[in-house]
Amino acid sequence: MAINSRILLLSIVVLLPICSVSQEMDNSSLGIKAVNLGGWLVTEGWIKPSLFDGIPNNDFLDGTGLQFKSVTTGKYLCAETGGGTIIVANRTAASGWESFSLWRLNETTFQFRVSNKQFVGLNNNGNGIDVVAVSTTPGKSETFEIVRKPDDKSRVRIRAPNGFFLQAKSEVLVTADFAENSEWGDNDPSVFVMKNFGGLQGEFQVTNGYGSQRAPQIMRNHWNTFIVEDDFKFVSTNGLNAVRIPVGWWIASNPTPKPYVEGSLQALDNAFLWAKKYGVKIIIDLHAAPGSQNGWEHSSSRDGSQEWGKTDENIQQTVDVIEFLTARYAKNPSLYAVELINEPRAPGASQESLNKYYKAGYEAVRKHSNAYVVLSNRLGPADPREFLSLASGFMRSVIDVHYYNLFSSEFDSMTVQQNIDFVHTNRFSQLNHVTTSNGPRILIGEWVAEWKVKGATKEEYQKFAKAQLDVYGRATFGWAYWALKNVNNHWSLEWMIKNGYIKL
Ligand SMILES: *[C@@H]1O[C@H](CO)[C@@H](O)[C@H](O)[C@H]1NC(C)=O
Ligand SMILES: *[C@@H]1O[C@H](CO)[C@@H](O)[C@H](O)[C@H]1NC(C)=O
Ligand SMILES: CC(=O)N[C@H]1CO[C@H](CO)[C@@H](O)[C@@H]1O
């Protein structure tokens, strides 16, 4: 009895480490074949446009860019010098200084941010009616109502917080003192022709667009229907072994900060249950960090601003999100990797902030779990090897790179064959460039069989997908297709598999 338990104890002590090492080695040669659950817990309008259909005035979302041409001066409103001083109406052409970015309060009430980031408001230090762009924290004086002409949505008047309408009194004088009703004629100085050049459709826009009354129901319905248990079954039976799940920082806050709504954490809990059931690994991907790490809708920027990493508090807040998520799922066998941040963009997201954050984020994961820790390379002007030495000092670390034959003019006129050659030649050497024998593993965390080629045949898409699978299959950690579901067919791996474009 005594001997037996000794042997048992001995074998536990000796065999356990061997087991776990050999298991890790077995699986390392396997490689992750993953798909991104994009557009699920972090909204991106282009993935599922119908999510925005029910928002009143849904062309006036946060971050929407507007330009206003006075019908009387025939010139555009402009924040002189980009902001910090008066608003004028003397520009014949419109670009940055003539563009106003919306902050939406409700469907008719807004604040207007100018390029230097001040808000349009009334000059409270002066006569109270001159229109300026000086305040950096919008309040009542910076809150306006947009009134549309009933039968022509591009003709508007703007009601100021003092109850009067803005008018272009002259090219150099814009004031809030027009009291009369309008016939909407070309002689009315309070009428502007508005040009709307769109904006972001992210989580901030959809939740703030619906508002606190309607957003909870709409978002929960989306979370409960867009990705369901069957999707994990589909993943596990179609040659995939993992999912990368984009999440937003608000998932870790209780109560959920407005305008975001509560419930994405419960959806992620479900994902972990289903992943466990079907033997699917999960890469948690912090896709939207507080303040936005790239200014795009998929990091939930409100108006294109990129503020992540500018203060220690902000970095610590982000570390806390990572620690919260890791601790919550550490015991679930499907937790395979934690990606600390997605697509930080240079130069706004500095290497210095990221170094600091990656160290602290790595430690936060390690407090609870041995999962892989994924560091993202920066987009924009950045060296693809800049985090290699940092990551080499970590255990089980991974560098994430994203390879799209899109988003750069170099792909605009490429033929089918040139795209395929680019994958075999350029992507192959880019991948080799970041792959080092003792360094971090490499994840190609986003790619897609889509390109700028017009009217390509199914066979051409198949060849393009196969070329990428051949090259990206060499990545030492694996790859993840963007995405599982998307109204744009080629961006939906589900559609690509079901229709025979991709076979794994
Ligand atoms: C929008 O907000 C303004 C200012 O708070 C309020 O007067 C107005 O009634 C609101 N409109 C709607 C449709 O909720
Ligand atoms: C517009 O008016 C402002 C204020 O008087 C002036 O400084 C600026 O030069 C004018 N710009 C043009 C293009 O006329
Ligand atoms: C962590 C992990 O996924 N381990 C798996 C490695 O592969 C073996 C079979 O080859 C599985 O049994 C482990 O669960």
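Order of listing sets the numbers, starting from 1, for every ligand and every atom in it. Count residues from 1 along the sequence.
Residues K498 and E494 are paired through a salt bridge, judged by an N-O separation under 4.0 Å between the basic side chain and the carboxylate.
D188 and S182 share a donor-acceptor pair across their side chains, judged by distance under 3.5 Å alone.
When each atom of ligand 1 is checked for a heavy atom of N106 under 4.0 Å away, the hits are 1 (C), 2 (O), 3 (C), 8 (C), 10 (C), 11 (N), 12 (C), 14 (O).
For F204 and W250, the ring centers sit 6.0 Å or farther from each other. Under the 6.0 Å cut-off for aromatic ring centres, Y329 and F272 qualify, their centroids lying closer than that.
A distance of 6.0 Å separates OH in Y404 from CH2 in W482, rounded to the nearest 0.5 Å.
Counting heavy atoms from C-beta on, the side chains of N314 and E307 never come closer than 4.5 Å.
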Tabulated below should be the N or O atoms of ligand 2 paired with protein N or O atoms at under 3.5 Å; can you produce that?
| unit_1 | atom_1 | unit_2 | atom_2 | d |
| --- | --- | --- | --- | --- |
| ligand 2 | 2 (O) | N90 | ND2 | 2.2 |
| ligand 2 | 11 (N) | N90 | ND2 | 3.1 |
| ligand 2 | 14 (O) | N90 | ND2 | 3.3 |

